[in-house]
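Dropping a structure here in structure tokens format, bear with me for questions.
The chain is numbered in sequence order, starting from 1.
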Amino acid sequence: MGGGSSSAAPQMNQVPEWFNEASFVERAKGHFVHLQKAWDNNDLSEIQEFVTPEMYNILAEERRSLTEEPKTEVVKLDARLGHISQQGSLVEASIVFSGQLRENSSVPSDFMETWHMVRDMRTENANWYLQGIEQNN
């Protein structure tokens, strides 16, 4: 999926009591594959449900600028929690994805990127929203 980046890296790694790291990482892997498929299918309405409005604007613009329709296969996917912090009602977490992608029937290539997520705890059962993607070279 496209780029965009966030400079809003959490300052500390204070894991809230309610946070289940294993569940978060497993669900994030599922979202990665799901959003990659939505990206390939140009399903911006599906992507919009999982990202902040600012991130949606970045991704929509990037998707519109593509000259070739992407076809991406997730060959291998690993994920781990990067940072997490809670300041007031806002929780920010990053998850580091790595693995291999096959793009447009090419040979699989290694990748590593960090997704920056945000959750507003003022809403009961609040969702996590993607607020930035950082390419780790």
Can you tell me if Arg102 has over 12 outside heavy atoms packed within less than 6.0 Å of its CZ?
yes
Apply side-chain contact (heavy atoms from CB on, under 4.5 Å) to Leu81 and Ile95, showing your working.
CA-CA 5 Å; Leu81 181 66; Ile95 186 151; 5.5 Å; no
Connected via hydrophobic side-chain network under 4.5 Å: Met117 and Trp18:
yes
Between the side chains of Asp110 and Gln100, does any donor sit under 3.5 Å from an acceptor?
yes
Within the structure provided, determine whether Arg119 and Met121 are in side-chain contact (heavy-atom separation under 4.5 Å).
yes
Contacts of Phe24 that satisfy ring-ring contact (aromatic ring centres under 6.0 Å, His included) - sequence neighbours left out
Phe19, Trp128
Say you draw a straight line from NZ of Lys37 to NZ of Lys71; how long is it, rounded to the nearest 0.5 Å?
9.0 Å
Flag side-chain contact, heavy atom, 4.5 Å: Phe50 against Met55
no
Under a plain distance cut-off of 3.5 Å, with no hydrogens placed, do Glu92 and His116 share a side-chain donor-acceptor pair?
no
Do Pro70 and Trp39 have side chains that get closer than 4.5 Å, going by heavy atoms?
yes
Could you state the interatomic distance from CG (Asp120) to OH (Tyr129), rounded to the nearest 0.5 Å?
9.5 Å
Tell me whether the NZ or CZ atom of Arg80 lies within the 45° cone about the ring axis of Trp115 and under 6.0 Å from its centre.
no
Side chains of Val75 and Leu101, heavy atoms from C-beta outward: is any pair under 4.5 Å?
no
Taking atom CG of Asn104 and atom CD of Glu73, what is their separation to the nearest 0.5 Å?
11.5 Å
What closest approach, in Å, do Glu113 and Phe32 show between heavy atoms, and which atom pair accounts for it?
OE2-CE1, 3.5 Å
Starting from the C-alpha separation in whole Å, work towards a yes-or-no answer on side-chain contact (heavy atoms from CB on, under 4.5 Å) for Asp43 and Ser45.
CA-CA 5 Å; Asp43 190 347; Ser45 62; 2.9 Å; yes
Are Val96 and Leu77 linked, directly or through intermediate hydrophobic residues, by side-chain heavy-atom contacts shorter than 4.5 Å (ILVMFWY only)?
no
Look up atom CD in Glu54 and atom CG in Leu130, then write down how far apart they are to the nearest 0.5 Å.
11.5 Å
Regarding Thr123 and Asn125, is there a side-chain donor-to-acceptor distance under 3.5 Å anywhere?
no
Is the shortest side-chain N to carboxylate O distance from Arg63 to Glu69 below 4.0 Å?
yes
Between OG1 of Thr114 and NE2 of His83, what distance do you get to the nearest 0.5 Å?
8.5 Å
Heavy-atom closest pair (Asp40 atom, Thr72 atom, distance to 0.1 Å) is OD2-N, 2.6 Å
Verify the neighbour count for atom CD of Glu49: are there more than 12 heavy atoms of other residues, nucleotides or ligands below 6.0 Å?
yes
Donor-acceptor pair, Glu21 side chain versus Ser23 backbone, under 3.5 Å?
no
Spatial distance of atom OG (Ser98) from atom CG (Asn136) [nearest 0.5 Å]
9.5 Å
Group every Ile, Leu, Val, Met, Phe, Trp and Tyr by side-chain heavy-atom contacts under 4.5 Å, then state whether Phe97 and Val118 land in the same group.
no
Flag yes if Val51 and Val33 sit in one hydrophobic cluster, no otherwise; membership is Ile, Leu, Val, Met, Phe, Trp, Tyr, and two members link when side-chain heavy atoms are under 4.5 Å apart.
yes
Nearest non-hydrogen partners of Val25 and Ala79, listed with the distance:
CG1-O, 3.5 Å
Distance-only side-chain donor-acceptor flag, His34 / Glu46, under 3.5 Å
yes
